[in-house]
*Asks:* 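Questions regarding the structure given below will be posed in turn.
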Amino acid sequence: MTTGGSPSASCVTKGRHEPGRAIIYVSNGMIYNRGEKSLWVAIRQGDNSIHFAPKENARNSFSFTRESPDVWIARLLSLDSQGRQVETLYRMKRIKP
């Protein structure tokens, strides 16, 4: 993922997204997360977290929360086949060279 600027980030190749990747960018004062076919907008942000809601072609929401300088928690909220909310958590650690 990339922050700031526009969708001309390293994970975009020849104007197209690489599969499984997304970019985060700012446009007109709003923060967006664009995947291959979907778009989410930040609805809440703080010093240690940001929360995204679906904007185009998406039904799930998600957030990133900083646990430490090297650890972030990704929280994904989606609906199962019966319409019940399902939460998936990922603990993401910085990989140091």
*Asks:* Roughly how far apart are K37 NZ and N57 CG, rounded to 0.5 Å?
*Replies:*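 Rounded to the nearest 0.5 Å, the NZ-CG separation comes out at 9.0 Å.
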*Asks:* Closest approach of Q82 and D80, non-hydrogen atoms and distance?
*Replies:*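 Distance-wise, the nearest heavy atoms are N-OD1, 2.9 Å.
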*Asks:* Say you draw a straight line from CD of Q85 to CG of L79; how long is it, rounded to the nearest 0.5 Å?
*Replies:*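 Q85 atom CD to L79 atom CG measures 6.5 Å (nearest 0.5 Å).
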*Asks:* Given side chains that start at C-beta, do those of R34 and E56 come closer than 4.5 Å, heavy atoms only?
*Replies:*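 Counting from C-beta outward, R34 and E56 do come under 4.5 Å.
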*Asks:* Looking at OG of S38 and NZ of K55, how far apart are the two atoms once the value is rounded to the nearest 0.5 Å?
*Replies:*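 Going from OG on S38 over to NZ on K55, the span is 13.5 Å.
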*Asks:* Do the side chains of V41 and L77 join up, straight or via other hydrophobic residues, at under 4.5 Å, putting them in one cluster?
*Replies:*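 Different clusters: V41 never reaches L77 through Ile, Leu, Val, Met, Phe, Trp or Tyr contacts under 4.5 Å.
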*Asks:* Looking at CZ of R75 and OG1 of T88, how far apart are the two atoms once the value is rounded to the nearest 0.5 Å?
*Replies:*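 So the CZ of R75 and the OG1 of T88 are separated by 10.5 Å.
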*Asks:* Report yes or no: do L39 and I43 belong to one cluster of Ile/Leu/Val/Met/Phe/Trp/Tyr joined by side chain heavy-atom distances under 4.5 Å?
*Replies:*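 Cluster IDs for L39 and I43 match.
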*Asks:* Where the side chain of R44 meets the backbone of S49, is there a donor-acceptor pair that is under 3.5 Å apart?
*Replies:*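 No; judged by distance alone, with no hydrogens or angles, the pair does not exist.
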*Asks:* Taking a hydrophobic cluster as the set of Ile, Leu, Val, Met, Phe, Trp and Tyr residues connected by side-chain heavy atoms closer than 4.5 Å, whether directly or through intermediates, do F62 and V71 fall within one such cluster?
*Replies:*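 Different clusters.
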*Asks:* Within a strict 4.5 Å, meaning less than it, do heavy atoms of the R59 and P54 side chains meet?
*Replies:*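 SC-SC contact between R59 and P54 ruled out.
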*Asks:* For the side chain of N33 and the backbone of W40, is there at least one donor-acceptor N/O pair under 3.5 Å apart?
*Replies:*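 Pair absent, no side-chain N/O of N33 close to backbone of W40.
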*Asks:* Under 4.5 Å between side-chain heavy atoms, counting indirect links through other Ile/Leu/Val/Met/Phe/Trp/Tyr residues: same cluster for M92 and I50 or not?
*Replies:*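 Per the 4.5 Å side-chain linkage, M92 and I50 are co-clustered.
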*Asks:* In terms of relative ring orientation, are F64 and F52 parallel, tilted or perpendicular, with 30° and 60° separating the classes?
*Replies:*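 Rings of F64 and F52: perpendicular, over 60°.
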*Asks:* Between atom CD1 of I24 and atom CD1 of I31, what is the distance when rounded to the nearest 0.5 Å?
*Replies:*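 So the CD1 of I24 and the CD1 of I31 are separated by 8.5 Å.
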